[in-house]
Amino acid sequence: MTAPPLTGVVSVDGVVTPIAEGRVSVMDHGFLFGDSIYEVVRTRGGRPVAMAEHLVRLRQSAAMTYLRLPWTDAEIAARLRAAFEASRLPDAYVRLVISRGAGPMSLLPDGCERPTMVVYVLPLVLQTAAEIERGMGVVVTERLRNDRRALAPAAKTGNYLNNVLALVEAKRAGGDDAVMVNPEGFVTEATTANLFWAKGGTVFTAPLDGSVLAGVTRSLLLAQMTREGVPVREGRFDVAEFRACDEAFLTGSIRGVSAVVRIDGRAVGDGRPGPLTRRAAAMNERLIEASTRDW
Ligand SMILES: Cc1ncc(COP(=O)(O)O)c(C=O)c1O
């Protein structure tokens, strides 16, 4: 008789246990100072989606935070694979967190001997067809996206408290997610997703100037839109331009493409996912298929 599938496992420095049993030192600088970086990869048919792109971004986040990774890409992928296989899940949400490691009670990383690598493998919960059709509401929050000259949003770090607070505030205001403006007054992204909108057949999104995360989904979609001749403009746009959109959507590795059907409580277009949003969702499905590779 086979054991029932576990609902999640975690690998801490290569030791795999059920999720509830994973432990990290209280002196880990990831816990103490948010001094960590991360990636989230999904699988399809037991294989990772866009793994190479996620590993490139992991190394960019490491460089931006002066974190030296003592592993090759193959070693990191092997850890993810081992944890995924131990989970016995058919498909999974795989979160890789690399922290500065345990060290003295000091901001300085110098005393941390080596980074801690944690891999969470959880059931993959995707949007249902009904949820996709219903769409979501966003609220443009007072809370700003971090300035790119501070801890740049381009680095995917464990410092998400600003986004946590923006999300709480958006929910309190009746939305499902926040859209944040940066200190220069330009629209950036949502709390865990890139933002796109369309007006008159052109798709708009914030540029990769450090003010937003370089989403893997974002870049694959932009390249595909360009190949298919969809007019795209990456640029610095203010809230009035965003609010005047015909349709809008969010992108991310787990969510895929989510239609935004309300901004600050007001319907976008006819309040249903628009044609470019549907087209982006269909493109994303094909891109997922095309970027799925063996471990
Ligand atoms: C702030 C932020 N922007 C965008 C994204 C989407 O990135 P990706 O498409 O690589 O999942 C994420 C994903 O977690 C995020 O946290």
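In each ligand, atom 1 is the first atom listed, and ligand 1 is the first ligand listed.
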Subject >> Partners passing side-chain contact (heavy atoms from CB on, under 4.5 Å) against Arg95 (at least two apart in sequence or in another chain) >> reply: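 For Arg95, the residues satisfying side-chain contact (heavy atoms from CB on, under 4.5 Å) (neighbours in sequence not counted) are Tyr38, Val40, Tyr93, Val97, Tyr120.
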Subject >> Under the side-chain contact (heavy atoms from CB on, under 4.5 Å) test, residues paired with Arg172 that sit two or more places apart >> reply: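 Once residues adjacent in sequence are excluded, the partners of Arg172 under the side-chain contact (heavy atoms from CB on, under 4.5 Å) criterion are Val168.
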Original post:
Any donor-acceptor pair under 3.5 Å linking the side chain of Arg143 with the backbone of Val140?
Top reply: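 No, the answer is negative, given that no donor and acceptor are paired below the 3.5 Å cut-off.
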Original post:
Is a side-chain N or O of Glu131 found less than 3.5 angstrom from the main chain of Thr128, in a donor-acceptor match?
Top reply: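 Checked: pair present.
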Could you list each nitrogen or oxygen of ligand 1 that sits under 3.5 Å from a protein nitrogen or oxygen, with the atom names and the distance?
{"from": "ligand 1", "atom 1": "3 (N)", "to": "Glu189", "atom 2": "OE1", "distance (Å)": "2.7"}
{"from": "ligand 1", "atom 1": "9 (O)", "to": "Val216", "atom 2": "N", "distance (Å)": "3.4"}
{"from": "ligand 1", "atom 1": "9 (O)", "to": "Thr217", "atom 2": "N", "distance (Å)": "3.0"}
{"from": "ligand 1", "atom 1": "9 (O)", "to": "Thr217", "atom 2": "OG1", "distance (Å)": "2.6"}
{"from": "ligand 1", "atom 1": "10 (O)", "to": "Arg57", "atom 2": "NH1", "distance (Å)": "2.7"}
{"from": "ligand 1", "atom 1": "10 (O)", "to": "Arg57", "atom 2": "NH2", "distance (Å)": "3.0"}
{"from": "ligand 1", "atom 1": "10 (O)", "to": "Val216", "atom 2": "N", "distance (Å)": "2.7"}
{"from": "ligand 1", "atom 1": "11 (O)", "to": "Ser253", "atom 2": "N", "distance (Å)": "2.8"}
{"from": "ligand 1", "atom 1": "11 (O)", "to": "Ser253", "atom 2": "OG", "distance (Å)": "2.7"}
{"from": "ligand 1", "atom 1": "14 (O)", "to": "Lys156", "atom 2": "NZ", "distance (Å)": "2.7"}
{"from": "ligand 1", "atom 1": "16 (O)", "to": "Tyr160", "atom 2": "OH", "distance (Å)": "2.5"}

Distance-only check: which donor-acceptor pairs under 3.5 Å involve side-chain atoms of residues 8-27, not counting sequence neighbours?
{"from": "Asp13", "atom 1": "OD1", "to": "Met117", "atom 2": "N", "distance (Å)": "2.9"}
{"from": "Arg23", "atom 1": "NH1", "to": "Ala20", "atom 2": "O", "distance (Å)": "3.2"}
{"from": "Ser25", "atom 1": "OG", "to": "Met27", "atom 2": "N", "distance (Å)": "2.8"}

**OP:** Using the side-chain contact (heavy atoms from CB on, under 4.5 Å) rule, take Leu250 and Arg255 through it: C-alpha gap first, then chi angles, then the decisive distance, then the call.
**Re:** CA-CA 8 Å; Leu250 302 183; Arg255 73 168 66 244; 4.1 Å; yes
